[in-house]
There are 2 protein chains.
Amino acid sequence: MIPNNNSRKMFLEIVKQLRQLIQDENIAVGGKLPSERELAERLQVGRSTVREALRSLELLGIIETRRGEGTFLSDFRKHQLVELLSTFILQDAKSKKDVHTTMQALEQDAIRTICMTQLLHKQSIWDAFIDKLQEEVLQEDIIREIIIISNNRLALKIWFLLKQFAGEPYRGIMNVEEKKAWKLLLNNLKVGNEPQAISYYNEWKLLMNRGEN
Amino acid sequence: MIPNNNSRKMFLEIVKQLRQLIQDENIAVGGKLPSERELAERLQVGRSTVREALRSLELLGIIETRRGEGTFLSDFRKHQLVELLSTFILQDAKSKKDVHTTMQALEQDAIRTICMTQLLHKQSIWDAFIDKLQEEVLQEDIIREIIIISNNRLALKIWFLLKQFAGEPYRGIMNVEEKKAWKLLLNNLKVGNEPQAISYYNEWKLLMNRGEN
DNA sequence: AATTACAAAGTGGTCAGACCACTCATAGTT
DNA sequence: AACTATGAGTGGTCTGACCACTTTGTAATT
């Protein structure tokens, strides 16, 4: 039952047992875990060892601790992990460039998919879209909408992840020139003209990059 | 400089400072970090706090510890990233179609990238490639090579990951017709003729799918 | 002089106890 | 009834002490 305490990493064992405990006691998201002191006694280890395991799980976003209250099972979707990893991973420029390139690949593919899908050429959708360009629009919002419309949820998911890694290169608001490019892009999207749509997409990216520098 | 020790989670701060330290001291993959006791003194915190931060990073696969030796920076870039991404992507189990579509997007992007990169149009590379088609070639191998050549490591990692989910659609050996399409594809790749290259790529995909059904 | 054996120093692993800061329920006061 | 003060419970941190292990330097042996 209890693994030898020597030559093995106890805190990793505790992580394992905590997972088991969460499962056995059927602790739901938001539910409370036993206190550190109680866990230490139940698992027959020191409190500091329990804490090392808990802190690891906290950094992973699996649990959440509130001082004076306790430790709670948290929603797995907390994005802490991605943010943390990004600070470690994206140190060399090459990685950053890869992220941008890959995002661009997904974006272009969404445009191509839409162009090739006859069902998506209904005017009504796109006219409403073009109208929106009158208002203040974030660069990020519109390209995300395009990917959503392309109906590839996996690509959307990956794109989201990459966006977090990328340090939000799309945070800006679109200026007049960018909106002009997008209007032309959308008009070609509407009729399924792939080459022109891609062409205007590339033009938009150029405008965006120029704006940043 | 030193954040107050109350109302903030110190160990998270330590994680941050460790990252900074790794960067400042230019610790390479496999390199050794200062000892826990030294870190505690340098960062002006208790050793247990340092340990909580280190243990967290260890669970993430960012560092590696060896008893009696020390703490070392591990090559998390290669090993952990894909797995971590997979846990996120896995969350809503995706339809196979999305996986295929996304893989195709990455493949096409690799082809387009190669076509647009003048440096990659050296005959020698591609001629050797075409020669290889004489032998027995796995569908998977050749497309992977293409992505590798396109020089986007991130895209390659994602592609690998998706391939695992995809239920191995590429495990087959290329038949005569497929090889023919690839030969034409490679010839166009060689000279940077994007539309034709993509066209032959699509033809190959058709041949592949026909072969499976 | 070269090799071996052993002791010491350094490192991570774990524990116990002690405070602190905070939250919350509740007994006590108004 | 409303408010206040208190104390129990909890996570956050520090200290000091061992233990197990690795490396290294040195003394003893050959």
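Here is the naming used below: chain letters follow the sequence lines, and residue numbers restart at 1 for every chain.
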Flag the pair [X] and [Y] as a salt bridge only when some basic side-chain nitrogen lies within less than 4.0 angstrom of an acidic carboxylate oxygen.
{"X": "A:E58", "Y": "B:R55", "value": "no"}
{"X": "B:E107", "Y": "B:K205", "value": "yes"}
{"X": "A:D141", "Y": "A:R144", "value": "yes"}
{"X": "A:R66", "Y": "A:E64", "value": "yes"}
{"X": "A:E41", "Y": "A:R37", "value": "no"}

Rounded to the nearest angstrom, tell me the gap between atom [atom1] in [X] and atom [atom2] in [N].
{"X": "B:L43", "N": "D:dT13", "atom1": "CG", "atom2": "C1'", "result": "14 Å"}
{"X": "B:E52", "N": "D:dG11", "atom1": "CD", "atom2": "P", "result": "12 Å"}
{"X": "A:R47", "N": "D:dG9", "atom1": "CZ", "atom2": "P", "result": "14 Å"}
{"X": "A:E41", "N": "C:dG17", "atom1": "CD", "atom2": "C1'", "result": "15 Å"}
{"X": "A:I14", "N": "C:dC15", "atom1": "CD1", "atom2": "P", "result": "8 Å"}
{"X": "B:L57", "N": "C:dG12", "atom1": "CG", "atom2": "C1'", "result": "15 Å"}
{"X": "A:E13", "N": "C:dT14", "atom1": "CD", "atom2": "C1'", "result": "15 Å"}
{"X": "B:R55", "N": "D:dG12", "atom1": "CZ", "atom2": "P", "result": "18 Å"}

Report summary line: In this structure, CD of A:E194 is separated from CD1 of A:I111 (nearest 0.5 Å) by 9.5 Å
**Report entry** Nearest non-hydrogen partners of B:L189 and B:A197, listed with the distance
**Finding:**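 Looking at all heavy atoms of both residues, the closest pair is CD1-CB, 4.2 Å.
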Query raised in the report: Can you tell me if A:K179 uses its side chain to pair, donor with acceptor, with the backbone of A:L133 under 3.5 Å?
Result: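 The answer is yes, because a donor-acceptor pair under 3.5 Å joins these two groups.
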Requested in this report: Using modelled atom types only, decide if a donor and an acceptor are shared between the side chain of A:T49 and the backbone of A:V45 within a distance under 3.5 Å.
Outcome: no
Could you go through nucleotides 7-11 of chain C and list every protein N or O atom that sits under 3.5 Å from one of its N or O atoms, giving the distance for each pair?
{"from": "C:dG10", "atom 1": "N2", "to": "B:G68", "atom 2": "O", "distance (Å)": "3.2"}

Report task. Estimate the overall bend of the helix from C:dA1-D:dT30 to C:dT30-D:dA1 from the end axes over five pairs each, rounded to 10 degrees. Result -> 20°
Query raised in the report: Under 4.0 angstrom, heavy atoms only, what part of the nucleic acid is A:T65 near: base, sugar-phosphate, or nothing?
Result: sugar-phosphate
Requested in this report: Report yes if at least one side-chain N or O of B:T49 is closer than 4.0 Å to OP1 or OP2 of D:dC14; otherwise report no.
Outcome: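 For D:dC14, OP1 or OP2 has a side-chain N or O of B:T49 closer than 4.0 Å.
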